[in-house]
Amino acid sequence: MTDAKSRIDETIKASPVVLYMKGTKEMPQCGFSSKVAGVLNYMGVDYTDVNVLADEEIRQGIKDYSDWPTIPQLYVKGEFVGGCDIITEMTLSGELDTMLEENGVAYDKEAAERIREANA
Ligand SMILES: N[C@@H](CCC(=O)N[C@@H](CS)C(=O)NCC(=O)O)C(=O)O
Ligand code: FES
C-alpha cells in the first residue's frame, strides 16, 4: 500500500465526513471547494477538511484513491460520494439529506430546505 493510500484510509476512517478540498473550510481557495464547504457549513455538518494545496502527495493520492480526477472530493463513512457537481445536485434533489440520514450524520434539515428554496 502506498503511503498516500494508507494516510487517506486513516483519515476517512477517523471521521464520518471528510472533505478533501483546496484551502480550508474557513478559507477555501477555489470556487468548487468553496461551494461544497459552504453547503456543509450552512447545513451544520461536522466534517474534517483536508487542504490538498498543503500536501502534494495527498493532492495526487486522493485522485488515485477514488479514480476521480478533481478536487473537491467528499467522503462519508469511508466512501467517496462526489465532487462539486454531484454534491450540488444531491443537495438540490434532497439525496444528500437521505444519504446523511442513512449514515447517521447530523445536519440542519431546515438549512437544507432553505438552500433548495433559494435555488427553486
Ligand atoms: N466539475 C468538478 C469541478 C472541480 C474541478 O474541476 N477541479 C479542478 C480545478 S480546482 C481540479 O481539481 N484539478 C486538479 C488539481 O488542481 O489538482 C466537480 O464537480 O467537482
Ligand atoms: S483552483 Fe482554479 S478552478 Fe479550482
Side-chain angles (χ1 to χ4, degrees):
M1 199 190 292
T2 62
D3 190 41
K5 184 174 187 311
S6 58
R7 289 174 60 206
I8 292 164
D9 275 332
E10 218 169 275
T11 303
I12 65 178
K13 261 186 218 144
S15 311
V17 185
V18 180
L19 181 64
Y20 288 84
M21 64 181 292
K22 292 187 178 181
T24 63
K25 60 167 95 173
E26 293 84 11
M27 200 178 288
Q29 289 182 45
C30 168
F32 298 118
S33 288
S34 181
K35 192 163 183 191
V36 177
V39 164
L40 297 176
N41 294 344
Y42 190 71
M43 284 171 61
V45 175
D46 184 14
Y47 66 101
T48 296
D49 52 338
V50 178
N51 180 6
V52 304
L53 296 179
D55 195 328
E56 193 51 48
E57 184 183 65
I58 294 299
R59 182 176 180 170
Q60 181 54 46
I62 199 64
K63 296 170 192 163
D64 299 336
Y65 192 92
S66 54
D67 203 17
W68 184 262
T70 51
I71 313 296
Q73 294 191 18
L74 182 69
Y75 290 77
V76 174
K77 291 283 173 73
E79 296 288 332
F80 174 60
V81 180
C84 180
D85 295 343
I86 289 172
I87 301 307
T88 301
E89 269 180 41
M90 288 178 74
T91 305
L92 298 181
S93 69
E95 259 181 283
L96 187 68
D97 302 38
T98 306
M99 191 272 294
L100 294 173
E101 285 160 22
E102 283 174 357
N103 285 287
V105 176
Y107 73 100
D108 180 349
K109 182 100 190 164
E110 286 172 15
E113 295 292 357
R114 283 197 296 274
I115 295 174
R116 285 189 281 275
E117 276 159 25
N119 286 280

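Values below: all heavy atoms of this structure, side chains included; hydrogens, waters and symmetry mates excluded. Both ligands and their constituent atoms are indexed starting at 1 by order of listing.
Nearest heavy-atom pair across Asn41 and Lys25 is ND2-O, 3.4 Å.
A perpendicular orientation is assigned to the rings of Tyr20 and Tyr75, their planes being inclined by more than 60° (bins at 30° and 60°).
The immediate protein surroundings of ligand 1, defined as residues with any heavy atom under 4.0 Å of it, consist of Lys22, Cys30, Phe32, Arg59, Lys63, Thr70, Ile71, Pro72, Gly83, Cys84, Asp85.
Salt-bridge formation is detected for the pair Asp9/Lys5: a Lys NZ or Arg NE/NH1/NH2 atom is positioned less than 4.0 Å from an Asp or Glu carboxylate oxygen. A salt bridge does not link Arg114 with Glu117: every distance from a Lys NZ or Arg NE/NH1/NH2 to an Asp or Glu carboxylate oxygen is 4.0 Å or more.
The structure places CD1 of Ile86 at 10.5 Å from CG of Leu74, a figure rounded to the nearest 0.5 Å. Between Ile62 atom CD1 and Ile12 atom CD1 the span is 6.5 Å, to the nearest 0.5 Å.
Partners of Phe32 by side-chain contact (heavy atoms from CB on, under 4.5 Å), not counting sequence neighbours, listed by chain and number: Cys30, Pro72, Cys84. In terms of the side-chain contact (heavy atoms from CB on, under 4.5 Å) criterion, Asp67 has no residue partners (sequence neighbours excluded).
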Open item on the list: If you apply the rule salt bridge (charged side-chain N to carboxylate O under 4.0 Å, His left out), what do you find for Arg7 with Glu10, and how did you get there?
Closed with: CA-CA 5 Å; Arg7 289 174 60 206; Glu10 218 169 275; over 6 Å; no
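For atom 4 (Fe) of ligand 2, protein N, O or S atoms closer than 2.8 Å were enumerated as Cys30 SG, with waters left out.
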